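Remember, it's a predicted structure, so these values are computed and weren't measured experimentally. Positions are given from 1 along the sequence.
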Amino acid sequence: MNPFNGLIRQAEREDEPHTAIRHDWKTAEIVDLLEAPLFDLLDQARAVHRRHHADGQVQLASLLSIKTGACPEDCKYCPQSAHYAKKTGLERESLLDVDDVLSKARLARDAGATRFCMGAPGGRRTARDFDKVLDMVRGVRALEMEACVTLGMVTKDQADRLADAGLTAYNHNLDTSPEFYKEIITTRTYEDRLETIANVRSAGVEVCSGGIIGMGETIEDRARLLQELATLDPHPDSVPINALVPVPGTPLESLSRVEPLELVRMVATARILMPTAFVRLSAGRESLNREAQILCFLAGANSIFYGEKLLTTANNDAADDRALIEEAGLRIKPACAS
């Protein structure tokens, strides 16, 4: 008997409007989902998506690198790491001026983005730089956009200050499973990442947390990553699903690109496990053809990063994205009221 059939029957029982969302997923259950017959997996993901989201709406989020390079962490996938700077050739750049960031936020808003995400590498930052980030958050919120930042680890006090400035969401990915994590990062622990997520959540800020596939992990590692996210209570508000972009000069430069259907399966499983979250197609999307992207939307993805760059890696052309959304019969999610 295919164990996935039991999950389908469970989903049918849970097709009631007030069924509780689960936070007790087991690794074996998630592996069964990831390895299920593709059409069965898509059917269940579509059913879950329709119960919890306005069908056909896609949120556009724009991502800007507000400071680049010289990160003290040794994430093997990241060209911003100071550990690989000599090989990647990525030059260190100072924190952008507040006015420059806000001008780019206006452009993103005018192009249809409703969330503006600002990224800077982890490590220690000066009080002056942190104050500038707070001003950026206030400025983005004044533009009636959602404001998101990713700054690496943050303390509870820093999370509280970001919340006071009006921050909508904080991005902090778990990247991979707890078991595989040390193969990718040694300068920070998994517990450090979970602590930052807890600090952000306690400040009343939405959590944006996902991971990366294609770094040499197993199916079980992918399941464990999703299990860590899906057993958080509450679930992350947004779950970015990234596919590795092998960057020359990084330790993972020689790895092959992820097969598109692996990304589709990851999206569909994330949608089933975390029904109310925005599942966001993130890094690696530029390598997908139009049909693969549409399959990801069919599987439950309802947010994309929109614009020419994702921090330091290429992204899809914005005009092409809008054309794809229109041709697929989807709609751009309107901005929420402030």
Take His53 and Arg271 through the side-chain contact (heavy atoms from CB on, under 4.5 Å) test and state the conclusion after the steps.
CA-CA 11 Å; His53 297 273; Arg271 167 55 64 223; 3.4 Å; yes
Go through it in stages, so that I can follow the logic: the residues are Val101 and Asp99, the test is side-chain contact (heavy atoms from CB on, under 4.5 Å), and I'd like the CA-CA distance, side-chain angles, deciding distance and then a yes or no.
CA-CA 5 Å; Val101 171; Asp99 288 344; over 6 Å; no
List the steps, then state whether side-chain contact (heavy atoms from CB on, under 4.5 Å) holds for Gln158 with Phe130.
CA-CA 9 Å; Gln158 290 171 326; Phe130 194 77; 3.7 Å; yes
Between Thr218 and Asp221, is the side-chain contact (heavy atoms from CB on, under 4.5 Å) condition met? List the steps.
CA-CA 5 Å; Thr218 64; Asp221 287 317; 3.1 Å; yes
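Between Glu195 and Lys156 there is no salt bridge, since no side-chain N of the basic residue sits under 4.0 Å from a carboxylate O of the acidic one. The existence of a salt bridge linking Arg224 and Glu228 is confirmed by a sub-4.0 Å separation between a basic side-chain nitrogen and an acidic carboxylate oxygen. Salt-bridge annotation for Glu326 and Arg331: absent, with no side-chain N of the basic residue lying under 4.0 Å from a carboxylate O of the acidic one. Classification of Asp110 and Arg106 as a salt-bridged pair fails, no side-chain N sitting under 4.0 Å from a carboxylate O. A salt bridge between Asp135 and Lys132 is absent, with no side-chain N of the basic residue lying under 4.0 Å from a carboxylate O of the acidic one. Between Lys67 and Asp129 a salt bridge is recorded (basic side-chain N to carboxylate O distance below 4.0 Å). A salt bridge is defined here as a Lys NZ or Arg NE, NH1 or NH2 lying under 4.0 Å from an Asp or Glu carboxylate O, and Asp131 with Arg161 meets this definition. Look at Glu29 and Arg22 and you find a salt bridge, because one of the NZ, NE, NH1 or NH2 atoms lies within 4.0 Å of a carboxylate O, short of that distance.
With hydrogens and angles left out, the side-chain atoms of Thr186 and Asp74 include a donor and acceptor closer than 3.5 Å. For the 3.5 Å distance criterion, the side chains of Asp175 and Tyr77 qualify, holding a donor opposite an acceptor. For the residue pair Asn199/Ser202, the side-chain donor-acceptor check at 3.5 Å is not satisfied.
With hydrogens and angles ignored, the 3.5 Å screen pairs a side-chain donor or acceptor of Asp192 with a backbone N or O of Thr189. Side-chain N or O atoms of Arg141 include one that pairs as donor or acceptor with a backbone N or O of Gly166 at under 3.5 Å. Side-chain N or O atoms of Ser62 include none that pairs as donor or acceptor with a backbone N or O of Phe116 at under 3.5 Å. Judged by distance alone, the side chain of His23 and the main-chain N or O of Leu232 form a donor-acceptor pair under 3.5 Å. Panel note: side chain Thr150, backbone Asn171; a donor-acceptor pair is recorded below 3.5 Å. A donor-acceptor pair is defined here as one N or O able to donate and one able to accept, closer than 3.5 Å; no such pair exists between the side chain of Asp160 and the backbone of Asp157.
Ile212 is not listed as a side-chain neighbour of Asn173, based on a closest heavy-atom distance of 4.5 Å or more. With contacts defined as side-chain heavy-atom distances shorter than 4.5 Å, the pair Asp97/Met136 does not qualify. Between Leu60 and Arg322 there is a side-chain heavy-atom pair separated by less than 4.5 Å. The closest side-chain heavy-atom distance from Ile304 to Arg280 is not below 4.5 Å. Contact annotation: the side chain of Lys26 never approaches that of Asp32 to less than 4.5 Å [non-hydrogen atoms, C-beta and beyond]. Residues Pro275 and His235 have side chains in contact (heavy-atom distance under 4.5 Å, counting atoms from C-beta outward). Taking the side chain as every heavy atom from C-beta outward, Arg257 and Pro246 approach each other to under 4.5 Å. The shortest side-chain heavy-atom distance between Tyr84 and Pro251 falls under the 4.5 Å cut-off.
Heavy-atom minimum distance, Asp100 versus Lys104: OD1-NZ, 2.7 Å. Taking each heavy atom of Cys208 and Pro240 in turn, the nearest pair found is SG-CG, 3.5 Å. Between Leu143 and Leu102, the closest heavy-atom pair is CD1-O, 4.0 Å. The two residues Val247 and Thr250 come nearest to each other via the heavy atoms O-OG1, 2.6 Å. In this structure, Val140 and Ala105 approach most closely via the heavy-atom pair CG2-CB, 4.2 Å. In this structure, Ala299 and Val264 approach most closely via the heavy-atom pair CB-O, 3.9 Å.
The hydrophobic clustering, which links ILVMFWY residues whose side-chain heavy atoms are closer than 4.5 Å, places Phe297 and Leu41 together. Cluster membership for Leu107 and Met145, using ILVMFWY side-chain heavy atoms within less than 4.5 angstrom, is not shared. By the criterion of side-chain heavy atoms lying less than 4.5 angstrom apart, applied directly or through intervening Ile, Leu, Val, Met, Phe, Trp or Tyr residues, Leu229 is not grouped with Phe278; the two fall into different hydrophobic clusters.
Taken to the nearest 0.5 Å, the CD atom of Gln80 stands 7.0 Å off from the SG atom of Cys71. A distance of 10.5 Å separates NE2 of His83 from SG of Cys78, quoted to the nearest 0.5 Å. Taken from CZ in Arg188 to CD in Glu73, the straight-line distance is 5.0 Å, to the nearest 0.5 Å. For the atom pair CG of Asp237 and OG of Ser209, the computed distance is 10.5 Å after rounding to the nearest 0.5 Å. Distance check: Arg115 CZ to Thr168 OG1 gives 6.0 Å after rounding to the nearest 0.5 Å. For the atom pair OG1 (Thr27) and CZ (Arg222), the distance works out to 15.5 Å, reported to the nearest 0.5 Å.
Other residues, nucleotides and ligands contribute over 12 non-hydrogen atoms within 6.0 Å of the CG atom of Asp164. More than 12 heavy atoms of other residues, nucleotides or ligands sit less than 6.0 Å from atom CD of Glu179.
Between His172 and Tyr170, the angle of the ring planes lies from 30° to 60°, which puts this pair in the tilted group. The aromatic rings of Tyr190 and Tyr181 lie perpendicular to each other, with more than 60° between the two planes, well past the 30° mark.
Screening Leu281, Leu295, Asn242 for a side chain to side chain contact (heavy atoms under 4.5 Å, CB included) with Leu263, the sole residue that qualifies is Leu281.
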